[in-house]
Chemist: 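I am attaching a structure below and will ask some questions about it afterwards.
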There are 2 protein chains.
Amino acid sequence: MDSSELKKAGLKVTLPRVKILEIIESNADWHMSAEDVYKELLARGEEIGLATVYRVLTQFETADILKRHQFEGGKSVFELISKGDHDHLVCVKTGQVEEFHDPIIQERIAMIADQFDFDLTDYSLVIYGISRKATGKR
Amino acid sequence: MDSSELKKAGLKVTLPRVKILEIIESNADWHMSAEDVYKELLARGEEIGLATVYRVLTQFETADILKRHQFEGGKSVFELISKGDHDHLVCVKTGQVEEFHDPIIQERIAMIADQFDFDLTDYSLVIYGISRKATGKR
DNA sequence: ATTCCTGCAAATCATTTGCATTACC
DNA sequence: GGTAATGCAAATGATTTGCAGGAAT
């Protein structure tokens, strides 16, 4: 059950939090914005305010349940950290997102941080391109 | 002279545009936000509106004179494309920005885009960390 | 002259916050 | 029951846009 994850994070198990986590989990293959989550809540007939969605998403980020990404265009999108370590390719035409993992790049990043005397805390890598296969996703 | 750059880009040579380009060029070692440019204009006694700064910066971006970056925190920052190809390290404590160039990473990125059938248009790589040298820049 | 540009204020967009009310433990 | 969480509306912060007046070619 999801509640354990919430408790573990020191968050009270409330209906909005459970519902929001459910929605993110049932859409684990995409990257949802606060607005997306809110719309999905409405679609499911839940009475949860947009402000709460923003608050909860931020709490989940702090609790290391979600990771926030910016990609292009003002809005943040989120994905489950439990999905593991990966970076993204984004199609600039369709918005389609693909995931990849490249140890060589990661090793280089660690090396570069070290060269510059930085304690690496995180990095962000997004590849933008035009997908040659018309996946027309979403 | 700067005017040639503007003309080449199909932009009329106007005082705001020349002044803004001057400011960016004279601060080529940092990454300025629209607000930063605006403040610098005021400091230099120029009467140029913030809206114009935003408009001009966007035009320069479209004309491939500037590149826009997001880094952390809502605001966009800009830098001259003529500075060449590089990526960034950002100190999460001080905001200090360092630049690096790594052909191996770039080659990998090209390879990955190709594997996923993407025509690479661009990518964004930012390394976040805590600088061990207190550069206390800016 | 004509078309493009600028300044200003008002409009947007995404996100945040104050506060009274309500829901968990 | 007490504290933490939520909903709503209003506040923010960054950026954009409409429009009337001003410049550049």
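Labels below follow one simple rule: chain letters A, B, ... track the order of the sequence lines, proteins then strands, and each chain is numbered from 1.
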Chemist: Between D:dT15 atom P and B:Tyr38 atom OH, what is the distance in whole Å?
Modeler: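 Distance, rounded to whole Å: 15 Å.
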Chemist: Looking only at side-chain atoms of A:Lys12, point me to the closest of C:dT6, D:dA4, D:dT6.
Modeler: D:dA4
Chemist: Within the pair B:Ser76 and D:dT15, is there a side-chain N or O less than 4.0 Å away from OP1 or OP2?
Modeler: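 So the side-chain polar atoms of B:Ser76 do come within 4.0 Å of the phosphate oxygens OP1 or OP2 of D:dT15, strictly under.
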Chemist: Separation of A:Glu46 atom CD from D:dG7 atom C1', in whole Å?
Modeler: 15 Å
Chemist: Out of C:dC4, C:dT15, C:dA9, which has the shortest distance to the side chain of B:Arg17?
Modeler: C:dC4
Chemist: Under 4.0 Å between any heavy atoms, over every strand shown, what does A:Glu47 touch: base, sugar-phosphate, or nothing? Just pick one.
Modeler: sugar-phosphate
Chemist: I need the NZ-P distance between B:Lys7 and D:dA24, as an integer number of Å.
Modeler: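 Computing the B:Lys7:NZ to D:dA24:P distance gives 12 Å.
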Chemist: Between B:Lys75 and B:Asp36, is there a side-chain N and carboxylate O pair less than 4.0 Å apart?
Modeler: no
Chemist: Do the side-chain N or O atoms of B:Lys75 get closer than 4.0 angstrom to the phosphate oxygens (OP1, OP2) of D:dA14?
Modeler: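 Checking D:dA14 against B:Lys75, a side-chain N or O does come within under 4.0 Å of OP1 or OP2.
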Chemist: Quick one: which of C:dT17, D:dT15, C:dG7 gets closest to the side chain of A:Arg55?
Modeler: C:dT17
Chemist: Measure the distance from CD on B:Gln59 to P on C:dC5 and round it to the nearest whole Å.
Modeler: 7 Å
Chemist: Just the rounded figure in Å: distance from C1' of C:dT6 to CG of B:Leu11.
Modeler: 14 Å
Chemist: Taking the side chain of A:Thr52 as its heavy atoms from C-beta onward, which of C:dC25, D:dG7, C:dT6 lies nearest to it?
Modeler: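 Of C:dC25, D:dG7, C:dT6, D:dG7 is nearest to the side chain of A:Thr52.
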Chemist: If I take atom CZ in residue A:Arg68 and atom C1' in nucleotide C:dT16, what distance separates them, rounded to the nearest angstrom?
Modeler: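 Atom-to-atom, A:Arg68 to C:dT16, this comes out as 11 Å.
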Chemist: Indicate whether any N or O donor in one side chain lies under 3.5 Å from an N or O acceptor in the other, for A:Gln106 and A:Asp85.
Modeler: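 Checked: A:Gln106/A:Asp85 side chains pair up, N/O donor to acceptor below 3.5 Å.
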Chemist: Ignoring backbone atoms, test whether A:Thr14 places a side-chain nitrogen or oxygen under 4.0 Å from the OP1 or OP2 oxygen of C:dC24.
Modeler: no
Chemist: Measure the spacing between CD1 of A:Ile105 and CG of A:Leu125 and express it to the nearest 0.5 Å.
Modeler: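 A:Ile105 atom CD1 to A:Leu125 atom CG measures 5.5 Å (nearest 0.5 Å).
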Chemist: Of the listed nucleotides (C:dT6, C:dC8, D:dC8), which one gets closest to any side-chain atom of A:Ala51?
Modeler: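 The answer is D:dC8.
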Chemist: Which sits closer to the 5' end of DNA chain D, A:Leu15 or B:Gln70, going by the nucleotide each is nearest to?
Modeler: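 This one resolves to A:Leu15.
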Chemist: Where does the angle between the aromatic ring planes of B:His69 and B:Phe71 fall among parallel (under 30°), tilted (30 to 60°) and perpendicular (over 60°)?
Modeler: parallel
Chemist: With the side chain of B:Leu50 defined as its heavy atoms from C-beta on, choose the nearest nucleotide among C:dC25, D:dT15, D:dC8.
Modeler: D:dT15
Chemist: Using modelled atom types only, decide if a donor and an acceptor are shared between the side chain of A:Arg17 and the backbone of A:Lys12 within a distance under 3.5 Å.
Modeler: yes
Chemist: Under 4.0 Å between a side-chain N or O of B:Tyr54 and OP1 or OP2 of D:dT16?
Modeler: no
